Amino acid sequence: MKTVGGEIQKILNGETELTEVIKYTVIMYSVMLIHILLLIYFFLLGYTPFIIFNACSVNIYACMHYLIRKKKYGLCFSLTYAEICLHTIFTLVFTGMNNGFLLYSVALIPVSFYISYTTSIFSRKMWFPLILMIINLLVSAVSVAYIHLGPALYAPIPESHRAVMECFNVFVSFLFISIF
């Protein structure tokens, strides 16, 4: 019987090829897990807009399982990229700057280059991640500018919780950058 640890060991040793199905499945479930954790966190804080947003995100990733089975990798990647960008903007505009959510936009850059270079759907075309990076930069810059022009739309994460949220976001962002 195969164990998850044994399969991971084979991948790390280069004994198992990382197929597109494996790559997209790992990305999908990893991001879904992050949104489940954020959903729980925002539920404990009582932040209704974030509960709704993260619940919708979890449902989007649950539906992506179907897209992966149908080998709609380009659509999967595009939806994931768009959802992470929207989540970053949403959290920045609604809670302010000091929560570490902007790091998700930074983590998307190496991920997009990795996916573009290693999956057949993009045929190693570097223009695709470059365009995404420029869009990501512009959206992030506009969000940060908006934050500096006025107060958060909802409520900043309480000071007592901010360090936890920022550490979580730093950990997740560095983990994704390290993996890719």
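These numbers come from a predicted model, not from an experiment.
Considering only heavy atoms from C-beta on, T95 comes within 4.5 Å of F50 through its side chain. For the pair F168 and L37, the minimum side-chain heavy-atom distance is below 4.5 Å. In this structure, the side chains of L108 and C85 come closer than 4.5 Å at one or more pairs of heavy atoms. Under the 4.5 Å side-chain criterion, counting only non-hydrogen atoms from C-beta, Y24 is not in contact with M64. N99 places none of its side-chain heavy atoms less than 4.5 Å from the side chain of T91. With a 4.5 Å cut-off on side-chain heavy atoms, Y146 and I89 do not count as touching. Between K23 and Y73, every side-chain heavy-atom pair lies at or beyond the 4.5 Å cut-off. Here the side chains of M165 and L38 are in contact, with some heavy-atom distance below 4.5 Å.
The cluster map of Ile, Leu, Val, Met, Phe, Trp and Tyr, joined by side-chain heavy atoms under 4.5 Å apart, puts L103 and I135 in different clusters. Neither V139 nor V106 shares a network with the other; the hydrophobic side chains, linked directly or stepwise wherever heavy atoms of I, L, V, M, F, W or Y lie under 4.5 Å apart, form separate groups for each. Clustering ILVMFWY residues whenever any of their side-chain heavy atoms sit less than 4.5 angstrom apart, transitively, puts V164 in the very cluster that holds I34. Taken together through direct or relayed side-chain contacts under 4.5 Å among Ile, Leu, Val, Met, Phe, Trp and Tyr, F42 and L33 form part of one hydrophobic cluster. I109 and V170 are assigned to two separate hydrophobic clusters, defined by single-linkage of ILVMFWY side chains at heavy-atom distances under 4.5 Å.
Taking every heavy atom of both residues into account, E83 and S57 meet most closely at OE2-OG, 2.6 Å. Closest approach of M32 to V58, counting heavy atoms only: SD-O, 3.6 Å. Contact between T88 and L102 at its shortest, heavy atoms only, is CG2-CA, 4.0 Å. Taking all atoms of both residues into account, the shortest heavy-atom contact from G100 to N169 is O-CB, 3.4 Å.
Under the 30°/60° scheme for interplanar angles, the aromatic rings of F77 and F128 are found to be tilted. Relative ring orientation between H87 and Y104 is described as perpendicular, the plane-to-plane angle rising above 60° on a 0-90° scale split at 30° and 60°.
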(message) One pair to check against side-chain contact (heavy atoms from CB on, under 4.5 Å): Y114 and I27. What are the steps and the verdict?
(response) CA-CA 12 Å; Y114 173 81; I27 291 169; 5.9 Å; no
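Judged by distance alone, the side chains of N136 and S140 do bring a donor and an acceptor atom under 3.5 Å apart.
The distance from the CG atom of L75 to the OG1 atom of T80 is 9.0 Å, given to the nearest 0.5 Å. Atom SG in C76 sits 11.5 Å away from atom OH in Y66 (nearest 0.5 Å). Atom-to-atom distance recorded for T48:OG1 and F43:CZ is 9.5 Å, nearest 0.5 angstrom. Considering CD1 of I52 and CG of L39, their distance stands at 10.5 Å, rounded to 0.5 Å. Atom CG of residue L130 and atom CZ of residue F113 lie 4.0 Å apart, to the nearest 0.5 angstrom. Between the CG atom in L67 and the CE atom in M28 there is a gap of 9.5 Å [rounded to 0.5 Å].
Under the ring pair (Phe, Tyr, Trp, His ring centres under 6.0 Å) test applied with F53, the options Y47, F90, F101 reduce to a single match, F90.
Within the 3.5 Å criterion, the main-chain N or O of L132 finds a donor-acceptor partner in the side chain of Y81.
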